[in-house]
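Reviewing the structure listed below.
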Amino acid sequence: MPLLSMNPLKKAKFLTSCASIEQLVGDIGHEVAFVGRSNCGKSSLINALTEQGKLARISKTPGRTQLINFFELDETRRLVDLPGYGFAKVHESIRRNWESLIEGYFTKRDSLRGIVLINDIRHPLKDTDVQMLDWAQHYNVPVLLVLNKSDKYSNSQKSKQLNWVKSQLTQPDTHIELASALKREGLDAINRQICDWLDIGLH
Ligand code: GDP
């Protein structure tokens, strides 16, 4: 599916990286955050949505410094790449640092309008994903759940998995989209939701 002819997310520019809550950029305007387990395709999806091959880095090392990366669309609209989670081998202190960073971000961020939670379609709704959904509900932030890597599944597998995910969700207003960052499928619907949250009119 082609992206919108005029894609507002294309304007995204790297703004800054923060290693702690104290360093977060000014909390004004609108912000949409991307979260997901390591290897779910979060960087690939950000790059596909913004049509920029290298905006979010694709190759990373488990246990690296955990950073919140900000990308700016204009002075009052941002995309936020939250550090991935779920490395099997990370030290307990790294996990705790991740938790306090993410929960600190959720607690503090008035400009946060929505969360794009990315799952690998083959491994959806693991513990930390469910924790993210619970936090989002607790802080009253809407979630778009993206089942990425849909190219790995046949149509019947996709609809079976989609139905299973729907049956597991306790938050009935969670939107779900199937996508493939690799094949650039399902991106329009995600783009529209993000633009809606960021209060960008599409013509
Ligand atoms: P991140 O750790 O969540 O940022 O994930 P990356 O974007 O680095 O992607 C992890 C791996 O999954 C890479 O090898 C990507 O090429 C691959 N990948 C990402 N999105 C897709 C997708 O939609 N389909 C397939 N088949 N592979 C993907």
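Remember, predicted model here, so these are calculated numbers, not experimental data. All values below were derived from every heavy atom in this structure, side-chain atoms included, with hydrogens, water molecules and symmetry-related copies excluded. In listed order, ligands and their atoms are each counted from 1.
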Look at the side-chain heavy atoms of Ile, Leu, Val, Met, Phe, Trp and Tyr, link any pair under 4.5 Å apart, and say whether Tyr85 and Phe106 land in one connected group.
yes
May I ask whether Gly36 has any heavy atom positioned less than 4.0 angstrom from an atom of ligand 1?
no
Is there any side chain to side chain donor-acceptor pair (under 3.5 Å) pair reaching into residues 111-120, and which pairs are they, with sequence neighbours excluded?
Asp27-Ser111, His30-Arg113, Arg78-Ser111, Asn119-Asp129, Asp120-Arg122
Taking 4.0 Å as the limit for heavy-atom contacts, which would you say applies to Asp151 with ligand 1: side chain only, backbone only, both, or neither?
side chain
List ligand 1 atoms under 4.0 Å from Ser44, heavy atoms only on the residue side.
6 (P), 7 (O), 9 (O), 15 (C), 19 (C), 20 (N)
Do Arg96 and Glu99 meet the salt-bridge criterion of a basic N to acidic O distance under 4.0 Å?
no
Side chain, backbone, both or neither: which part of Arg37 comes within less than 4.0 Å of ligand 1 when only heavy atoms are counted?
backbone
Numbered in order shown, the ligand 1 atoms found under 4.0 Å of a heavy atom of Ser180 are 23 (O)
Can you check whether Ser43 has an N/O within less than 3.5 Å of an N/O in ligand 1?
yes
Going by distance only, is there an N or O of Lys183 that falls short of 3.5 Å from an N or O of ligand 1?
no
Between atom CG of Asn148 and atom SG of Cys40, what is the distance when rounded to the nearest 0.5 Å?
7.0 Å
Do other residues, nucleotides or ligands put more than 12 heavy atoms under 6.0 Å from the CG atom of Asp127?
no
So the atoms of ligand 1 within less than 4.0 Å of a heavy atom of Asn148 turn out to be 20 (N), 21 (C), 23 (O)
Working to the nearest 0.5 angstrom, can you tell me the gap between Gln171 CD and Leu133 CG?
5.0 Å
Is there a polar contact between ligand 1 and Ala181, counting only N or O atoms under 3.5 Å apart?
yes
Using a 6.0 Å cut-off, check whether atom CD of Glu92 has over 12 heavy atoms from anything other than its own residue.
yes
Which ligand 1 atoms, with their elements, are less than 4.0 angstrom from a heavy-atom of Lys152?
26 (N)
